[in-house]
There are 2 protein chains.
Amino acid sequence: MNDVAATGISVLLVDDHPIVRQGYRRVLESQGDLHVVAEADNAADAYGAFKAHDPDVVVLDISMPGASGLEAIRNIRARSPRARILVFTMHNEAVLVKAAFSAGASGFVTKSSEPSAVVNAIRSVARGERAMSDDIAHILAEDSLSPTGSVLDQLGEREIEILRQFAGGATTEEIATHLNLSVKTVQNYHYLIKTKTGARTDAQLVRLAATCGLTRI
Amino acid sequence: MNDVAATGISVLLVDDHPIVRQGYRRVLESQGDLHVVAEADNAADAYGAFKAHDPDVVVLDISMPGASGLEAIRNIRARSPRARILVFTMHNEAVLVKAAFSAGASGFVTKSSEPSAVVNAIRSVARGERAMSDDIAHILAEDSLSPTGSVLDQLGEREIEILRQFAGGATTEEIATHLNLSVKTVQNYHYLIKTKTGARTDAQLVRLAATCGLTRI
DNA sequence: ATCCGGCTTGGGAAATTTGCCCGAGCTGCA
DNA sequence: TGCAGCTCGGGCAAATTTCCCAAGCCGGAT
């Protein structure tokens, strides 16, 4: 491996919003040492782009249609354990953060962070360090202290993803398509989530998701 | 800068993610005719910034924490009816689009749009035209409904009451009992409300009720 | 090595709800 | 008088939800 510090840091941007990618690209490139060598707008393309360009850092938003972003992380890491992945998203739920790290992410930064925090996180991750924004650290700290787990802790990763999409207004079929599952499976998850959380109504489910920060209203 | 009209279009950016604002700013300013004169990261500051800078166009994401973005639109328009507001968000639910337009927005563009579509929308809005991205036009076309009013204006007294209880988490039977109606009638109202508002999902209904202040979450 | 438990994925079948059509009573209004 | 709109519910096919079950997989415990 050559010296990253001398040549700069190559970045693969993964986000489903074209304009957002454009913006990030400009912000990162204005730093001088960061170079966006490729972009992808979905989890499926992310690994292809990674393979083709072998970037130092992958910056990706985990809230994408198609396969879950967590899926993408595992995907990339399974084939390239050296990969450095920085999750960059608007979500800040403790369960999500933990899921991302255990999936193999090297860092987790929210979009509420200052641009400087984001670029510093990219540099940290490129050096092989772990990185997270202050708000994430705070949330993880609180979480580790609280004896009463959030309701979401009872839910598996898939369940959380489905709950998020459901609360966001997606139909069962849309979720099935996004996640490449059968409608039947999504229906079963829907039911499972309700029983696990104790919600007796779809509306209660949405409120629950909202109060847990899974969705914004 | 003497004549704004001759020198380009001044823009106020409202989005709660600093990095995202940075990115938009760079994308817009690279166009030459667009100038970001101010930014705000919440609905409350948006009007202050508007008053201070009198921009030609306000570009804002309605999915912000704190006060609803719709609130912000109404706020600005109430005091400055000339204001041109372009909603720029990742959401693409028909109910939200209609709510935004009836709140006084001049345009609605999703973040899935190409950057060129976004800047063109800004130019259109600056000229006083209405603008929306193709996906939004498609969604509204499908929706193909009555000329607007606030979404709640289409609903009768009973419908609103039932929507409130439903969004609050009540079961169909519970609502029927509370209001002394047959379950069948409540079911019919449920259906009616969905078709009238264009909500395709119970979750969308809850979100709608929440954004209209019918229920708190 | 083996077993256990949990996650994920779906089948099946009964129960319930939805989607959409309908009619009827009531009110206000032209 | 008549129309229009809200309120209330029946009917019925289609879809969804509700439960229960099974199989594969994986990680941890024995």
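Proteins come first, then strands; the chains are lettered A, B, ... in the order of their sequence lines, and each starts at number 1.
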Side-chain touch [X]/[Y], heavy atoms, less than 4.5 angstrom:
X: A:Ser10; Y: A:His53; answer: no
X: A:Asn188; Y: A:Leu192; answer: no
X: A:Ile193; Y: A:Leu205; answer: yes

Show your reasoning for whether salt bridge (Lys or Arg N to Asp or Glu O under 4.0 Å) applies to A:Glu161 and A:Arg164.
-> CA-CA 5 Å; A:Glu161 178 59 29; A:Arg164 184 210 318 292; 3.6 Å; yes
Qualifying residue for side chain to side chain contact (heavy atoms under 4.5 Å, CB included) with A:Leu60, from A:Asp16, A:Asp15, A:Ile76, A:Val14 = A:Val14
One would report the end-axis bend of the helix from C:dA1-D:dT30 to C:dA30-D:dT1, five pairs per end and rounded to 10 degrees, as 30°
Output the rounded distance in Å from [atom1] ([X]) to [atom2] ([N]).
X: A:Arg200; N: C:dT16; atom1: CZ; atom2: P; result: 16 Å
X: A:Leu181; N: C:dG11; atom1: CG; atom2: P; result: 12 Å
X: A:Ile175; N: C:dG10; atom1: CD1; atom2: P; result: 14 Å
X: B:Arg158; N: C:dG25; atom1: CZ; atom2: C1'; result: 15 Å
X: B:Glu157; N: C:dG28; atom1: CD; atom2: P; result: 14 Å
X: A:Lys184; N: C:dT8; atom1: NZ; atom2: P; result: 18 Å

Indicate whether any N or O donor in one side chain lies under 3.5 Å from an N or O acceptor in the other, for B:His190 and B:Asp202.
-> yes
Can you pull the contact range of chain B along DNA chain D, 5' to 3', using atoms under 4.0 angstrom from its heavy atoms?
-> D:dT7 to D:dC12
On the ring face of A:Phe108, is A:Arg130 found with NZ or CZ under 6.0 Å from the centre and within 45° of the axis?
-> no
Over-ring placement of B:Arg26 relative to A:Tyr24, 6.0 Å and 45° cut-offs | no
Interface residues of residues 185-194 of chain A with DNA chain D (non-hydrogen, below 4.0 angstrom) = A:Gln187, A:Asn188, A:His190, A:Tyr191, A:Lys194
Check the pair A:Gln165, A:His178 against side chain to side chain donor-acceptor pair (under 3.5 Å), reporting the backbone distance first and the verdict last.
-> CA-CA 9 Å; A:Gln165 296 198 21; A:His178 291 158; 2.9 Å; yes
Has the side chain of A:Thr177 got a donor or acceptor atom that lies under 3.5 Å from a matching backbone atom of A:Glu173?
-> yes
Please step through salt bridge (Lys or Arg N to Asp or Glu O under 4.0 Å) for the pair B:Glu159 and B:Lys194, ending with a clear verdict.
-> CA-CA 10 Å; B:Glu159 291 163 338; B:Lys194 275 212 237 178; over 6 Å; no
Base, sugar-phosphate alone, or nothing: which one does B:Glu161 contact when heavy atoms must sit under 4.0 Å apart?
-> nothing
